[in-house]
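Some notes on the structure that comes next.
Counting starts at 1 for both ligands and their atoms, in listed order.
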Amino acid sequence: MIKTEDINFYYGDFQAIKNISMEIEPNTVTAFIGPSGCGKSTFLRLFNRMNDLIDGTRLTGNFIIDGQNIYDKSVQVDELRKNIGMVFQKPNPFPKSIFENVAYGLRVNGNNNKKFLEERVEEALKSTALWDEVKDKLKKSAFELSGGQQQRLCIARALAVSPSILLMDEPTSALDPISTSKIEELIFKLKQDYTIVIVTHNMQQAARISDKTGFFMLGELVEYADTKKLFTNPAKTETQNYITGRFG
Ligand SMILES: Nc1ncnc2c1ncn2[C@@H]1O[C@H](COP(=O)(O)OP(=O)(O)OP(=O)(O)O)[C@@H](O)[C@H]1O
Ligand SMILES: [Mg+2]
């Protein structure tokens with residue numbers, strides 16, 4: 001369960017996130033949509049404290065995951081990030097073999113048992129529907145895979161360490177339609193085991209795969225509702241204008 005209360009976030013003097021309160025239920029897919037620069041990626045990066053890496057940033061409000069404010073001093077950021085996987089717009093495999101990409105996080109966590117790693121790598125690659133395509137070339141470089149395969153590998157890498165939340169920032173924007181639909185099917189399947197939050201510029205995609213959608217504009221969460229409702233009967237004029245393409 002994720003709950004944000006009055007979240008404000010600043011890059012220096014610039015306020016990128018304004019007073020956002022929302023709740024996300026476990027085992028759901030939540031999509032964030034909105035025009036470029038409205039704060040979707042910034043907000044997503046607050047979930048695993050990735051913005052901590054940027055100098056001069058500041059946050060107010062409560063960001064609660066499973067009952068704990070993740071910005072409390074006592075929180076260990078490494079532990080937090082183990083529980084929250086992230087996948088980016090451009091596939092970013094490590095310059096390692098297919099196997100070692102997926103095993104990476106497990107090794108970092110101190111697991112080096114060969115049999116254990118083999119089992120977990122196979123499981124993660126199966127869950128991203130990549131196993132059959134790569135099982136005979138696990139020792140080959142990840143860069144030999146196609147873009148869509150690389151993205152599924154990155155998802156497998158994120159899943160291998162068994163997070164409970166998976167964050168995805170425009171994970172299909174660099175992919176062709178077939179790879180995109182594979183990833184959409186995958187997201188639909190993964191929500192049985194994970195809570196997924198996805199940023200997308202593709203409104204059809206949000207409508208197809210998400211349970212709830214948040215529409216952002218200028219750092220505010222303008223509307224947050226069941227996806228069906230948001231796309232068929234939005235409460236706000238701004239949402240209506242955006243989803244019908246009358247915006248910008
Ligand atoms: N590292 C940074 N330092 C300063 N300002 C930033 C930084 N990253 C983002 N911003 C600003 O914060 C605002 C929100 O940016 P963000 O990347 O979250 O938007 P977005 O909704 O993800 O846009 P897009 O759809 O183009 O990816 C923008 O005005 C952007 O210029
Ligand atoms: Mg973005």
Pair [X], [Y]: side-chain N/O donor-acceptor within cut-off below 3.5 Å:
X: R45; Y: N51; value: yes
X: Q205; Y: T172; value: yes
X: R157; Y: N92; value: yes

Just going by heavy-atom distances, which of [options] is nearest to [atom]?
atom: atom 11 (C) of ligand 1; options: F32, F216, Y11, Y10; value: Y11
atom: atom 19 (O) of ligand 1; options: P35, S36, A16, G39; value: G39
atom: atom 14 (C) of ligand 1; options: G219, G37, S173, G34; value: G37

NZ/NE/NH1/NH2 to OD/OE distance under 4.0 Å, [X] and [Y]:
X: E100; Y: R107; answer: yes
X: K82; Y: E79; answer: yes
X: K137; Y: E144; answer: no

Under 4.0 Å from a heavy atom of [X]: which atoms of ligand 1 are those, numbered in the order shown and with their elements?
X: H201; result: 24 (P), 25 (O)
X: T42; result: 14 (C), 15 (O), 16 (P), 18 (O)
X: F14; result: 11 (C), 12 (O), 13 (C), 29 (O)
X: E170; result: 27 (O)

Check: Heavy atom under 4.0 Å from ligand 1: found in I54's side chain, backbone, both, or neither?
Finding: side chain

Notebook entry, point to check: What residue and heavy atom of the protein are closest to atom 17 (O) of ligand 1, and at what distance?
Noted result: S41 CB, 3.9 Å

Margin query: Centre-to-centre under 6.0 Å for F43 and F9, is that the case here?
Written below: no

Note to self: Does the protein come close to atom 31 (O) of ligand 1 - that is, does one of its heavy atoms sit below 4.0 Å from that atom?
What the structure shows: no

Note to self: For the residue pair K191 and F188, would you count it as a cation-pi contact if the rule is NZ or CZ under 6.0 angstrom from the ring centre and within 45 degrees of the ring axis?
What the structure shows: yes

Next item on the list: Decide, counting backbone as well as side-chain atoms, whether S41 has an N, O or S atom less than 2.8 Å from the Mg ion (ligand 2).
Entry: yes

